[in-house]
There are 2 protein chains.
Amino acid sequence: MASVMTAMQPLEHIMEELERADGLGALQAASEALCDHYGIDHVVYHWVDSAGDQYGCGTYSNAWRARYLEQNYLRVDPVILGCFQRFHPVDWKRLDWSSKAAKAFQAEAITHGVGNQGFSVPIRGPNGQFALFTVNHSCNDAWWADWTEAHRRDLILIAHYFNEKALEFEPERTPEQSQALSPREVDAMTLLAMGYSRAQVADTLSISEHTLRVYIESARFKLGAMNTTHAVARAMSRGLIVV
Amino acid sequence: MASVMTAMQPLEHIMEELERADGLGALQAASEALCDHYGIDHVVYHWVDSAGDQYGCGTYSNAWRARYLEQNYLRVDPVILGCFQRFHPVDWKRLDWSSKAAKAFQAEAITHGVGNQGFSVPIRGPNGQFALFTVNHSCNDAWWADWTEAHRRDLILIAHYFNEKALEFEPERTPEQSQALSPREVDAMTLLAMGYSRAQVADTLSISEHTLRVYIESARFKLGAMNTTHAVARAMSRGLIVV
DNA sequence: TTTTCACTCCCCAGAAATAGTGAGGAGGCG
DNA sequence: CGCCTCCTCACTATTTCTGGGGAGTGAAAA
């Protein structure tokens, strides 16, 4: 249980390497180092971006990665689907593998060298960023249960550092931080995001609907949005409004 | 630097208590225990929910909490605004305190016993859940820098556990994940959030605009939204779509 | 002091979204 | 085998939003 608290030099060394990492290659190297350190088959970091864009690094075979992307397994993979609704790290056994697609997916994964046991830590960043840190191994249930229990805390922390570095190295994936909205514009966007119509927003803010329109338009302009819905979506994803 | 890795019995004890916690009171107790353990002024967990709903526990005075809620400081607090855009834990000094509102807010916080130094860990869960774990103290910059550097890893981990427990105890705060959107509905919401008009979305999805409308309406119904903008906002804040 | 910016108000025509119906086929699940 | 959800298409009338204009105040920044 107390693994995080006990001295474990090689892990400490890997963590320090990770903190000093200055490129995506370092994450790949860290994945491999972690595999060696723990004596497990695979360590993988998988960033699942906005429009189904993906980025990852880790020790899965290139063939399996290619196949995964090519088949768009993103929309089938129970690990992705399950972790997206969770906060807790999760053992793969607790996911829903019942669908036909999931079973086929699993079978194919195993033929590509993916182990039967897995443990994934969901990680979330700003603007809806989502990633998974996964450790994977081929072994029996009891051994895996002991191992994951023993290293749970380490894995949470390592997952956090992986994501921290990935965000750092890929700033273009969390794009421009545009100019801020004026208070009135924030009010307008916020109320619109809450489902109020323009008339209701104007009424709530005690201004004419014409005036409100000016705010919406200027907010739309500042956010580079094509319409109100777009503007609200951008304001939300940039954290300019909290709804 | 290696604090997480070194034996530190009292912290270990607190963490184990936290893991066994079975109610919100336990988080409050853990906050106080952490204050004692570290010898700092405040430890606070603050859940900032979708609709501006808030829940928190920690060692701030009741007067300050009441004031914060009453004044709706959520929309002013640079800690909230800054952390919402970040993944890294952040020292309060690195936030933007330049606005007049922020300065007034800070001054008032200090009169309510909040320390001049702060360090906050942003945490995100499913469905757009967002929370902050903050440690706060009154001291000079050098001491604080040393302290936060020394305990950074612990704090990340403790923040994770606080949120894990908070999510566990408050399932009703992430309720209406019940109604997932169908794939087509997700497509529609996503493209609308990207600024496409209905005609463009229909074209992109290669369906008639009439069909598209059915998706938008059913999505709106499932999300309990009053209009398209509202539906998109809800879908985003619940993490159903990623833009 | 000048200039910029946020805030407020107004008109109009055309484009877009919404509300109320309707119906048929494909596929999964008990 | 029904039952269900999902996907697809259609019509009409009404409401709401958008994109062009223009104009005045006050506060803050340059």
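Everything quoted here is computed from the prediction, not taken from an experiment. Residue numbers begin at 1 in each chain, while the letters A, B, ... track the order of the sequences.
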[X] side-chain N/O to [N] phosphate OP1/OP2 under 4.0 Å:
X	N	answer
B/Tyr215	D/dC6	no
B/Ser218	D/dC6	no
A/Ser182	C/dC7	yes
B/Lys222	D/dC6	yes

Side chain to side chain contact (heavy atoms under 4.5 Å, CB included) involving [X] - partner list, sequence neighbours excluded:
X	answer
B/Ala66	none
A/Arg184	A/Ser182, A/Asp187, A/Leu205, A/Ile207, A/Tyr215
A/Arg67	A/Trp64, A/Glu70, A/Gln71, A/Tyr73, A/Glu108, A/His112

Whole-Å distance separating the NE2 atom of A/His230 from the C1' atom of C/dA16: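 Rounded to whole Å, this separation is 17 Å.
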Whole-Å distance separating the CG atom of B/Leu205 from the C1' atom of D/dT8: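 Atom-to-atom, B/Leu205 to D/dT8, this comes out as 12 Å.
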Not counting sequence neighbours, which residues clear side chain to side chain donor-acceptor pair (under 3.5 Å) with [X]? List them please.
X	value
A/Thr204	none
A/Asp203	none
A/Trp92	A/Ser120

Do nucleotides 9-25 of chain D as a string where each nucleotide becomes B, S or -: B if the base has a protein heavy atom under 4.0 Å, S if just the sugar-phosphate does, - if no protein is that close. BBBB----BBBB-----
A/Met189 side chain reached by A/Ile216 side chain, heavy atoms, under 4.5 Å: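 Yes. Closest side-chain heavy atoms under 4.5 Å.
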Partners meeting ring pair (Phe, Tyr, Trp, His ring centres under 6.0 Å) with B/Phe119 (sequence neighbours left out):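 For B/Phe119 there are no ring pair (Phe, Tyr, Trp, His ring centres under 6.0 Å) partners, ignoring immediate neighbours.
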Report for the helix from C/dT1-D/dA30 to C/dG30-D/dC1: angle between first-end and last-end helix axes, five pairs each, rounded to 10 degrees.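 That helix has its two terminal axes inclined by roughly 70°.
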